[in-house]
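When a ligand or atom number is given, it counts from 1 through the structure's own listing order.
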Amino acid sequence: MIIGGGAAGSTAAQFARKQDRDAEITVLERGEYPEYSRCGMPNVLAGDIPKFEDLVEFSTDWFERNRIRLKLSTETTSVDLSAKKVEFRSPEGNGVERFDSLVFATGASPAPLNIEGLAKEGVFQFRGINDSKALQNWCAKKKRNVLIVGAGLVGLEVADALSKMRHRVTVVEYLDQVLPAMIDPDIAEPVAAMAKKASISIITSSFVRSLAGGSAVEAAEIVSRADSSPSKLKCDTVVLAAGQRPSTDLGVKIGCSMGAKGHIRVNSRCETNQPGVFAVGDCAEYLDFVTGEPLAAGLGTLAVKMGEVAGRNSAGGTATLPKGFINSRVTRLFGMEIAAAGPLYSSLAGKGIACVQSRMKGSTLPPYFPGGKDLTVKLVCTDQGQLLACQIIGEKEAAMRVDIVSAIISAGQGAKELTQLDNAYAPSVAPCVDVLAAAAQGILIKIGRK
Ligand SMILES: Cc1cc2nc3c(=O)[nH]c(=O)nc-3n(C[C@H](O)[C@H](O)[C@H](O)COP(=O)(O)OP(=O)(O)OC[C@H]3O[C@@H](n4cnc5c(N)ncnc54)[C@H](O)[C@@H]3O)c2cc1C
C-alpha cells in the first residue's frame, strides 16, 4: 500500500511490481492527476513545453498495464497499524484498504507564511499542476507586476519563466543571497547579477509583511531586515515560493520517528522505526553522504532513488540506499546552468570541518576554438585533499561536470584523482585540460600537496 502517487510513490509502485510479479499494489493519491513532473512546471509557464498535461510520466494506462491499482482523488485519512488498514475519503465515499506493508510517499506542501492579507485574488502557490495552471491563466490575461516571495530554486525558476513571458518581476528573499540552500554567496552573486540583466529585481535581506488591496492584491509592504524600514511595492500578482513543509501527519500519528525539521526518519532500506512501514521522497529524511547528518533535500532525484529502494523492500526485496546522498542539484536560470554537489562551504565551515575552497574559471572548449562557453568551478576539499563539494556555473555543461565530481566524492577520492581523470579531448568537443582538473590543481597547491 502506497500513500501518495507523486515521483516517490509511483516509483515505489513500479519497483514493487518489478520485485514481485504477483503482489497486490495500491496507490492512494489525493490529487486528480497521475504522477507528473513538478520539476517541469516552470518550463510550461515559460512556454518551453506546450501544456501541463505533457508532464505526466506515469499515466493511468501505465498503472493499468502494470496491474497497479491507482485511486485518484483519494485522501488517506488514517492508518491503523495493528489492524493493518488505512481509511480513505474519495468522491465515491469513505472506504478502507488493508495492507501488509505501507509506504508513506506523501511529499510536502508549501510552508505557511506569516504575511497579512494573503487571502486575495492574484496570490498563488506553485507546488502542483492546479496552482501552476491558475497562475498561467491569470498571467495570460495581461502583463502583470509580479512579486515572488522566496529566491530559492522554485522562486527563481518561476521568476525566470514569467520574465521570459514579459511580465515585470520582483523577488524578495529573507536571507542575504539568492538560492541560499543551493550555492554559496560567492556563486550566488553572479546569479543575482544575471537576474538583474534579465530585468528581474532582486531584494535580499528583506521580507514581505503584508499585502494590500481590496479583494485583489494591489501592493505589498516589504521590510528590510537591516534597519526594519518598510517600503511599498505595487504588484497585482504574488507567488509564494518560500520553502515547503513535509506532509507527515499520518506518520506522526502512528509513532514514526521524526527528524528535527519534521521529516520521517528512515534507514538505508527506507524503513521507518515502525515495522513494515517505509517512507520516501519529500516527506522523509535520510543522511548526507559527506557529513553523515540528516538530509532532506526535497529533490526529485532523491525521491526516485528512495522510491526504488522502498518499493522493492515493501515487496520482499533487499535493496539499500548508499551510505548517504551527495545531493547533486542543478537548475537553468537566465540562460545559465547552476549546478552543485555536496554541502555548502559555509555550512561545512560552520560545523568546524577543516576545509579549503578554490575557484577557477575555464571554458567548455580550448581557448583557440570558437564557441567555448565560460565555466566557473568551485571545489571544496578537506585540508587533506578529499573532495567534499562542488559548485559550477556556466552557459552549458555545468551539471555533467558536477556529476563527475559527485562520482569522485562518492568514491571517497579527492583533488589528486580529479587532476588524474582520464578525460576525453578533441578541440571541437572538450579541452585537453579540463577546468575541473585546473581547479583541483589549484586546491592541491593551496593545501601544499603539489
Ligand atoms: C516547481 C518545482 C520545480 C522543481 N524542480 C526540481 C528539479 O529541477 N530537480 C529536482 O530534483 N527536484 C525538483 N523539484 C522537487 C521535486 O519535484 C520533488 O522533490 C518531488 O516531486 C518529490 O516527490 P514526492 O513524491 O516525494 O512528493 P510529491 O511530488 O509532493 O508527491 C506527494 C503526493 O502525495 C499526495 N498525498 C499527500 N498526502 C496524501 C494523503 N493523505 N492521501 C493521499 N495522497 C496524499 C499528494 O497529493 C502528492 O501528489 C521541484 C519542485 C517544484 C515544486
Side-chain angles (χ1 to χ4, degrees), residues 1-13 26-46 52 55-58 70-79 86-90 97 102-111 124-132 135 148 150 152-161 181-182 239-241 243-253 263-264 270 279-285 296-307 310-311 325 327-333 337-340 399:
M1 168 69 54
I2 298 163
I3 307 178
S10 299
T11 306
T26 303
V27 179
L28 304 181
E29 166 54 47
R30 184 170 56 190
E32 66 226 64
Y33 291 94
E35 193 274 342
Y36 59 92
S37 168
R38 292 179 197 276
C39 315
M41 295 188 315
N43 306 95
V44 181
L45 201 60
F52 287 104
L55 301 176
V56 171
E57 295 173 303
F58 292 85
L70 170 66
K71 288 170 81 74
L72 294 175
S73 306
T74 303
E75 178 169 8
T76 307
T77 49
S78 73
V79 175
V86 298
E87 290 180 343
F88 63 82
R89 185 165 49 220
S90 76
E97 290 274 349
L102 181 70
V103 180
F104 283 119
T106 40
S109 51
F124 299 88
Q125 308 275 7
F126 201 78
R127 174 76 197 173
I129 280 190
N130 289 338
D131 315 325
S132 314
L135 175 64
I148 294 177
L153 182 124
V154 174
L156 286 197
E157 287 189 357
V158 172
D160 193 20
M182 184 172 179
V239 182
L240 306 174
Q244 60 183 34
R245 194 168 66 171
S247 305
T248 55
D249 295 356
L250 296 170
V252 170
K253 281 191 190 138
H263 300 85
I264 302 175
C270 288
V280 288
D282 284 7
C283 68
E285 81 176 22
L299 288 176
T301 42
L302 306 187
V304 166
K305 286 181 176 74
M306 295 175 100
F325 289 133
N327 189 15
S328 299
R329 50 211 187 264
V330 65
T331 182
R332 173 171 278 285
L333 293 170
E337 263 179 51
I338 301 142

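Among all non-hydrogen protein atoms, the one lying nearest atom 29 (O) of ligand 1 is Arg38 NE, 2.7 Å.
Listed by atom number, the atoms of ligand 1 under 4.0 Å from Ile3 heavy atoms are 40 (C), 42 (N), 43 (C). Remark: ligand 1 atoms within the under-4.0 Å shell around heavy atoms of Gly281 are 26 (O). For ligand 1, the atoms closer than 4.0 angstrom to any heavy atom of Leu299 are 10 (C), 11 (O), 12 (N), 19 (O). Residue-ligand proximity, Ala105 to ligand 1, at heavy-atom distances under 4.0 Å covers atoms 32 (C), 33 (C), 34 (O). Near Thr76, meaning under 4.0 Å from one of its heavy atoms, ligand 1 places the atoms 40 (C), 41 (N), 42 (N), 43 (C). Of all atoms in ligand 1, listed by their number and element, those nearer than 4.0 Å to a heavy atom of Phe126 are 1 (C), 53 (C). Near Ala303, with a cut-off below 4.0 Å to any heavy atom, the atoms of ligand 1 are 22 (C), 23 (O). Less than 4.0 angstrom separates some heavy atom of Ala7 from each of these atoms of ligand 1: 23 (O), 25 (O).
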Go through the steps for Phe126 and Glu157 under the test side-chain contact (heavy atoms from CB on, under 4.5 Å), then give the verdict. CA-CA 11 Å; Phe126 201 78; Glu157 287 189 357; over 6 Å; no
Dump the intermediate steps for salt bridge (Lys or Arg N to Asp or Glu O under 4.0 Å) on Asp282 and Arg127, then the final yes or no. CA-CA 12 Å; Asp282 284 7; Arg127 174 76 197 173; 3.2 Å; yes
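Note: an N/O pair closer than 3.5 Å links Ala8 and ligand 1 by distance alone. Residue-to-ligand polar distances place Glu29 within reach of ligand 1: an N/O pair is separated by less than 3.5 Å. In terms of polar-atom proximity, defined here as any N/O pair under 3.5 Å, Val280 makes no such contact with ligand 1. Residue Ser247 places no N or O, backbone or side chain, under 3.5 Å from any N or O of ligand 1.
With sequence neighbours left out, the salt bridge (charged side-chain N to carboxylate O under 4.0 Å, His left out) criterion links Glu75 to Arg30, Arg89. With sequence neighbours excluded, no residue forms a side-chain hydrogen bond (donor to acceptor under 3.5 Å, both in side chains) with Glu57.
At least one donor-acceptor pair under 3.5 Å links the side chain of Thr77 to the backbone N or O of Glu87. Although no hydrogens or angles enter the test, the distance criterion places a donor-acceptor pair under 3.5 Å between the side chain of Asp131 and the main chain of Gly128.
With a 4.0 Å cut-off on non-hydrogen atoms, Val154 touches ligand 1 through its side chain and not its backbone. Residue-level proximity to ligand 1 for Leu153 is carried by the side chain, the only part with a heavy atom below 4.0 angstrom.
Comparing Glu32, Arg127, Gln125 against atom 30 (O) of ligand 1, the shortest heavy-atom distance belongs to Arg127.
Heavy-atom neighbours of Arg332 CZ from other residues, nucleotides or ligands within 6.0 Å: above the threshold of 12.
Using 4.0 Å as the threshold, Thr331 has no heavy atom nearer than that to any atom of ligand 1. Distances shorter than 4.0 angstrom do not occur between any heavy atom of Leu302 and any atom of ligand 1.
Here CZ of Phe104 is found 5.5 Å from CD1 of Ile264. Values are rounded to the nearest 0.5 Å.
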